[in-house]
Asker: 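My structure is below; once you've seen it, I'll send some questions.
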Amino acid sequence: MSDNGSEEKGSGTIAIQLLHNSLRLHDNPPLHDIEKAKYSSFVPLYIIASDHPFDQSRTPLTVNKSRSKFIHESLTSLDGSLKSVGSGGLVVLETKDYPATKSEEDDDDDDDDEEEDSSEEEFSGSDDGDEASQYAYTPDDLSYAHALSRFLSSSVLPLAPNPSSVHVYYERETSLPVIRRWRCCLEKALKPAGVKTKVYETHNLHAMDEYLARGKGGSPPASYGAFCKIFDSLPPPDACVPTVGELPGLPKEVKGTGVPKLEGLKVDMKTGGGLVFKGGESEGLKQLKKTVIDNPAWAATFEKPKTAPNALSPSTTCLSPHVKHGTVSPRLFFHELTKAYEANALGGGKNSKPPVSLHGQLLWREYNYLYAYSCPNFDRMVGNPVARQIPWDDDPLLLKAWKDGRTGFPFIDAIMTQLKEEGWIHHLGRHAVACFLTRGDLWISWEEGAKVFEERLVDADWSINNFNWQWLSCTAHFYQYFRCYSPISFGKKTDPNGDYIRKWIPALSKYPKKYIYEPWTAPPSVQEECGCVVGKDYPDRVVENHTETSKGNMGRMAEAYKIHKEGKEKGGGGKGGGGKKKKRKIEK
DNA sequence: TAGGTTGTTGTCCGG
DNA sequence: ACCGGACAACAACCT
Ligand SMILES: Cc1cc2nc3c(=O)[nH]c(=O)nc-3n(C[C@H](O)[C@H](O)[C@H](O)COP(=O)(O)OP(=O)(O)OC[C@H]3O[C@@H](n4cnc5c(N)ncnc54)[C@H](O)[C@@H]3O)c2cc1C
C-alpha cells in the first residue's frame, strides 16, 4: 500500500474505504491498517451509480438479476461482518440521491465516441494521458464522484480537524472502467477536498508494472508461456494480510445505511433447477474450502480442458464471481492452491501445471489483465493494436436470436439460457457460444458478444471478458481458425444423453437422445410425440448447415488474415530502424 | 534466418 | 472408453 508518511493518527482522524471489488474482511490491507493505526472512526463506503446492476432504471433486474443478487448478498454479508468487529457497518450512497448541480453539468461535453482513429498502434499502460477518448469520463463516473464529493463535504470534512486527517483507501484495479472511475473521483472529489488517498493492491497477484518491468521493452509477453516465465521469475505473491479483530465505529454523526432493498429480488430466480450463486465472503470462503482446502487432490490435479461444459453440477470451482467481486481474495485462492499442491505431492500425487492447472487459471487471469492494461481500445476492434481487423456482419436479428437462446441449436440455446438464468456458464460453454456467434457460424463481431456477456455474467470482468472474446474470435492471441467448435458434436462428447439440454430447454426434454442435439432431424411423428415441433415449439435453426457455414467462414477468415499480412509487409518497413517508438509501443 | 515444434480446450474417421 | 492421423494450415518460439 502506498502510505506516505507516519503522521500521527487518533484524535479526529477518519478512515474511509471506498469499496468496489474487494467486498471482504480477509486479506484487506486498509482494514488491517485502520486497526493498527488507531483511527478514531472508519467509514466503509459503497456508492451505487446508475451503471450499477442494482439500478433498475437502466438495467432491469429481470435482465441481470444474478449479479444484482450476488452483489446484494455480498454487501449484506459484509455489513454484518463489519458490525461484528465493531464497525458501524456500511454506508451506501446512491447517486440518484445526489443530483448534479447546474455548474457541474456543463463539464460533461464528451459524448463523442469514435474520434480515436490513430493508426498509431501502441501499448500504453502508463497514465500519460494519451488516448484521450477512452479515458473520457462517463456520466456515471461524474455522478459517482459527485456523490462522493457531496458526502465528504457534508458529512465527513466538518468532523475532521483538517482535510488531511481524512484518509481515503481504494483498491487499484487496472480494468479501464475502474481506472477511469477512480481518476474521476481523484480529480473531481478527493483532490478538491484535500483528503489523503491511499491505494492498495490486492486485485491481482502482482502489480501489472512488475510484470511489464520484467518483459521486453515494457510490452506484455507475446505468449502465455513467456508470461509464465516472468511470473516464475518474480517472488511468490504476497501473503494475505491478517483478518482484523476490531475496528473503530462510524463517526458519531454518520449513520450506517445498511444495504438498499432490491424489489426485483422478491421474485425468486427462475432456476432451471440448478445452482444459484450466493454472494458474500462467507459463501466464497465456503466454496474455496469445498473445492480446494477439503479437496486438495482434486484441486492439485485439475486439468481445465478435461472439465465438462455441460455437467449438471459444475466441473470447475465456480469461484469466479467471488474473485471478481473480491469476496475471495485472488492471492488467498493462489496460496490455498499452493498448499494443495504441496499436500498432493507429499501424498505421492502428480500435480497438474499451467496452463491447465488451477494455478494456471489464475495466471490466465493475470495475463488477461496485463493485456487489458497495456492495450488501448481493448474492448474494440478498431484502434486495438492486437486485434485482427475482420469485416464482421451487422445482423441485429441474428444477434438477438443468439442472445435470447433461439438459434435452433439446442446446445447453444441451453448455454445461452443458463447464462440468462444463472449468470454463470462453464468456460468451454463460453467457447462454444462465442465461436458460434463469431467465426464459427453467425460472423457477428466479438464486441457484440462481449457486451452480452458483460451484461449477463455474474463474474463479468472487463479485462478477462474482452481478452477471451478476442481469443475465441481469432482476433488476437489465438489464430487457428480452422479449429472450430461444432454446435452439434462438441456437447455430445461429455453429455451424449443431452441431460444438460433437457435441463435448460424443457421443451426438448422428451426428445430421444438420438435427435436431441439436432431436433430438426427427428421425423415429424417423433416431434409430435415429444410435444415439440421444430418451427413451432422450438425455433428453426438459424444456420442451415453448420459444417458448410463454418467452412465458408474459414475462407473469410483466411481472406482477412491475408490482408493483415500484406498490410504488415507493406506498412511495417524496417523494424527497429528509423522512428524508434516511445516506451511501451510495439508493432503489430 | 529458415524451418521444425508447440500451442489450455476441434472434427471426423478408422481402429 | 480411448487413441492416431488427416484435415489444411495460424503465429510464436525455439534452434
Ligand atoms: C468468451 C469468454 C468470456 C469470458 N468472460 C469472463 C468474465 O467476464 N469473467 C471471468 O471471470 N471469466 C471469464 N471467462 C473465463 C472463464 O470462462 C471463467 O473465468 C471461468 O469459467 C469461471 O469459472 P470457474 O471459477 O469455475 O473457473 P476455474 O476453472 O475454477 O478457474 C479458477 C479461477 O481462475 C480464473 N480463470 C479461469 N479461467 C480463466 C480464463 N480463461 N481467463 C482468465 N481467468 C480465468 C477465474 O478467476 C476463476 O475463478 C471468459 C471465457 C470466455 C471464453
Side-chain angles (χ1 to χ4, degrees), chain A residues 215-216 219-231 301-311 314-317 351-368 371 385-390 411-412 415 425-436 438-441 464 467-497 517-518 545-569 572 574-576 586-588:
Chain A
K216 291 200 183 76
S219 320
S223 70
Y224 177 81
F227 173 76
C228 288
K229 283 189 190 141
I230 291 173
F231 188 89
T301 56
F302 177 96
E303 291 180 58
K304 183 70 158 267
K306 294 196 177 149
T307 60
N310 39 17
S315 53
T316 53
T317 65
N351 293 333
S352 56
K353 293 218 136 59
V356 298
S357 64
L358 276 172
H359 260 175
Q361 302 313 299
L362 289 176
L363 295 206
W364 279 109
R365 179 172 179 270
E366 299 296 293
Y367 187 55
N368 292 184
Y371 264 88
V386 296
R388 291 285 158 98
Q389 304 296 302
I390 296 162
F411 182 57
I412 300 300
I415 295 167
I425 47 183
H426 184 275
H427 184 59
L428 294 177
R430 301 180 199 210
H431 274 228
V433 297
C435 180
F436 186 87
T438 58
R439 66 185 166 90
D441 295 86
I464 302 176
F467 182 100
N468 277 283
W469 274 96
Q470 289 171 43
W471 182 290
L472 260 295
S473 61
C474 289
T475 286
H477 313 288
F478 174 81
Y479 306 94
Q480 287 165 266
Y481 54 76
F482 40 87
R483 288 197 186 167
C484 182
Y485 292 93
S486 158
I488 296 152
S489 317
F490 186 62
K492 285 186 187 169
K493 288 195 291 190
T494 44
D495 178 23
N497 193 43
Y517 282 87
E518 331 168 60
N545 183 323
H546 159 75
T547 309
E548 273 172 24
T549 303
S550 61
K551 285 263 154 64
N553 287 346
M554 287 175 202
R556 294 166 93 173
M557 199 57 92
E559 184 65 21
Y561 274 25
K562 207 176 101 199
I563 291 168
H564 166 82
K565 209 167 189 174
E566 287 164 3
K568 210 170 65 166
E569 268 152 25
K575 83 156 176 225
I586 67 164
E587 295 177 46
K588 244 197 319 187

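Below, all heavy atoms of this structure are taken into account, side chains as well, without hydrogens, waters or symmetry copies.
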Asker: Show the numbers, then the answer: is there a side chain to side chain contact (heavy atoms under 4.5 Å, CB included) between Arg388(A) and Cys474(A)?
Answerer: CA-CA 8 Å; Arg388(A) 291 285 158 98; Cys474(A) 289; over 6 Å; no
Asker: Enter the distance from Met557(A):CE to Thr438(A):OG1 here, rounded to the nearest 0.5 Å.
Answerer: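 So the gap between those two atoms works out to 6.5 Å.
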Asker: Between protein and nucleotides 13-15 of chain B, what N or O pairs are separated by less than 3.5 Å?
Answerer:
none

Asker: Hey, can you pull the residues of residues 352-361 of chain A with a non-hydrogen atom under 4.0 angstrom from DNA chain B?
Answerer: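 Within this stretch, Pro355(A), Val356(A), Gln361(A) sit under 4.0 Å of the strand.
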Asker: Using residues 220-230 of chain A as the side-chain source, report each donor-acceptor pair under 3.5 Å to any protein atom, sequence neighbours left out, with the distance given to one decimal.
Answerer:
from: Ser223(A); atom 1: OG; to: Ala226(A); atom 2: N; distance (Å): 3.2
from: Tyr224(A); atom 1: OH; to: Gly360(A); atom 2: O; distance (Å): 2.9

Asker: Using the six-membered ring wherever Trp is involved, compare the ring planes of Trp364(A) and Trp471(A) and label them parallel, tilted or perpendicular (cut-offs 30° and 60°).
Answerer: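 The rings of Trp364(A) and Trp471(A) stand perpendicular, inter-plane angle above 60°.
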Asker: Can you list everything that forms a side chain to side chain donor-acceptor pair (under 3.5 Å) with His546(A)? Sequence neighbours excluded, please.
Answerer: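 Per chain and number, His546(A) pairs via side chain to side chain donor-acceptor pair (under 3.5 Å) with Asp441(A).
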Asker: Measure CH2/Trp469(A) against C1'/dT9(B) and give the value in whole Å, please.
Answerer: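 Answer to the nearest Å: 16 Å.
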Asker: Output the distance between atom OH (Tyr517(A)) and atom CD1 (Ile412(A)), rounded to the nearest 0.5 Å.
Answerer: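 Reported to 0.5 Å precision, the distance equals 11.0 Å.
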Asker: Could you tell me how far apart Phe227(A) (CZ) and dT8(B) (C1') are, to the nearest whole angstrom?
Answerer: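 These atoms are roughly 15 Å apart.
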Asker: Can you tell me how the ring of Phe490(A) sits relative to the ring of Tyr485(A), calling it parallel under 30°, perpendicular over 60° and tilted otherwise?
Answerer: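 Ring orientation, 0 to 90° scale: perpendicular.
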Asker: Quick test of your reading: applying salt bridge (Lys or Arg N to Asp or Glu O under 4.0 Å), list the pairs with at least one residue in residues 471-492 of chain A, sequence neighbours left out, ordered by first then second residue.
Answerer: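 Qualifying pairs, neighbours excluded: Lys492(A)-Glu518(A).
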Asker: Could you tell me the separation between the CZ atom of Arg439(A) and the P atom of dT11(B), rounded to a whole number of Å?
Answerer: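 Value for this atom pair: 10 Å.
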Asker: For Asn553(A) and dA8(C), what is the distance between atoms CG and P respectively, to the nearest whole Å?
Answerer: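 It is 17 Å, rounded to the nearest whole Å.
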Asker: To the nearest angstrom, how far is His546(A) atom NE2 from dC12(B) atom C1'?
Answerer: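 Result: 12 Å.
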Asker: What pairs with Asn553(A) under side chain to side chain contact (heavy atoms under 4.5 Å, CB included), at least two apart in sequence or on another chain?
Answerer: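 If we apply the side chain to side chain contact (heavy atoms under 4.5 Å, CB included) test to Asn553(A), skipping adjacent residues, the hits are Trp443(A), Thr549(A), Arg556(A).
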Asker: In whole Å, measure the gap between the P atoms of dA8(C) and dG3(B) for me.
Answerer: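 After rounding to an integer number of Å, I get 23 Å for this pair.
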Asker: Which is true for Phe478(A) with a 4.0 Å heavy-atom rule: it touches a base, it touches only sugar-phosphate, or it touches nothing?
Answerer: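 Here Phe478(A) touches no strand at all.
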Asker: Could you state the interatomic distance from CZ (Arg430(A)) to CG (Leu472(A)), rounded to the nearest 0.5 Å?
Answerer: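 Answer for the CZ-CG pair, Arg430(A) versus Leu472(A), is 11.0 Å.
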Asker: In residues 302-310 of chain A, which ones come under 4.0 Å of DNA chain B, going by heavy atoms?
Answerer: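 Going residue by residue through residues 302-310 of chain A, the ones with a heavy atom under 4.0 Å of DNA chain B turn out to be Lys304(A), Pro305(A).
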Asker: Return the set of residues passing side chain to side chain contact (heavy atoms under 4.5 Å, CB included) with Thr494(A) (not counting sequence neighbours), or none when no residue passes.
Answerer: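 Ala308(A), Pro309(A), Asn310(A).
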Asker: Quickly work out the Glu548(A) CD to dT11(B) P distance and round it to whole Å.
Answerer: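 Value for this atom pair: 18 Å.
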Asker: Given the P atoms of dC2(C) and dT8(B), what is the spacing between them in whole Å?
Answerer: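 To the nearest whole Å, 23 Å.
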Asker: Going by side chain to side chain contact (heavy atoms under 4.5 Å, CB included), name the residues that satisfy it together with Lys565(A), two or more places apart in sequence or in a different chain.
Answerer: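 Side chain to side chain contact (heavy atoms under 4.5 Å, CB included) check on Lys565(A) returns Glu569(A).
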Asker: Roughly how many Å is it from CG in Asn545(A) to C1' in dT11(B), rounded to a whole number?
Answerer: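 It is 14 Å, rounded to the nearest whole Å.
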Asker: What is the distance, rounded to the nearest whole Å, between atom CH2 of Trp471(A) and atom P of dT8(B)?
Answerer: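 The distance from CH2 of Trp471(A) to P of dT8(B) comes to 5 Å, rounded to the nearest Å.
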Asker: Just checking His427(A): base, sugar-phosphate only, or nothing, at a heavy-atom cut-off of under 4.0 Å?
Answerer: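 Answer is base: heavy atoms of His427(A) come under 4.0 Å of a base.
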Asker: Give the nucleotide from the list dT9(B), dT8(B), dT11(B) with an atom nearest to the side chain of His431(A).
Answerer: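 Nearest nucleotide to the side chain: dT9(B).
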Asker: Could you summarise the pairing of DNA chain C as dot-bracket text, marking Watson-Crick and G-U pairs under 3.5 Å with ( ) or [ ] inside the strand and | across strands?
Answerer: .||||||..||||||
Asker: Let me confirm one number: the OG1-CG distance from Thr316(A) to Leu428(A), rounded to the nearest 0.5 Å.
Answerer: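 Output value for this atom pair is 9.0 Å.
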Asker: Between Arg365(A) and Ile464(A), is there a donor-acceptor pair closer than 3.5 Å when you use the side chain of the first and the backbone of the second?
Answerer: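 Between the backbone of Ile464(A) and the side chain of Arg365(A) there is no qualifying donor-acceptor contact (under 3.5 Å).
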Asker: Please determine whether side chain to side chain contact (heavy atoms under 4.5 Å, CB included) holds for the pair Tyr367(A) and Phe231(A), giving the CA-CA distance in whole Å, both sets of side-chain angles, and the decisive distance to 0.1 Å.
Answerer: CA-CA 10 Å; Tyr367(A) 187 55; Phe231(A) 188 89; over 6 Å; no
Asker: So, using side chain to side chain contact (heavy atoms under 4.5 Å, CB included) as the criterion, who are the partners of Asn497(A) when residues are at least two apart?
Answerer: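 By the side chain to side chain contact (heavy atoms under 4.5 Å, CB included) rule, Asn497(A) matches Asp495(A), Asp499(A), Arg502(A), Lys513(A).
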Asker: Report yes if the side chains of Lys306(A) and Val356(A) come closer than 4.5 Å at any heavy-atom pair, otherwise no.
Answerer: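 Of all side-chain heavy-atom pairs linking Val356(A) with Lys306(A), none is under 4.5 Å.
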Asker: For a quick check, with a 4.0 angstrom heavy-atom cut-off, what is the B/S/- contact string for nucleotides 10-15 of chain C, read 5' to 3'?
Answerer: BSSSS-
Asker: Given the C1' atoms of dA9(C) and dG7(B), what is the spacing between them in whole Å?
Answerer: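 So the two C1' atoms sit 14 Å from each other.
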Asker: By the 4.0 Å heavy-atom rule, please label Lys493(A) as base, sugar-phosphate, or nothing.
Answerer: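 If one applies the 4.0 Å heavy-atom cut-off, Lys493(A) turns out to touch the sugar-phosphate alone, with no base involved.
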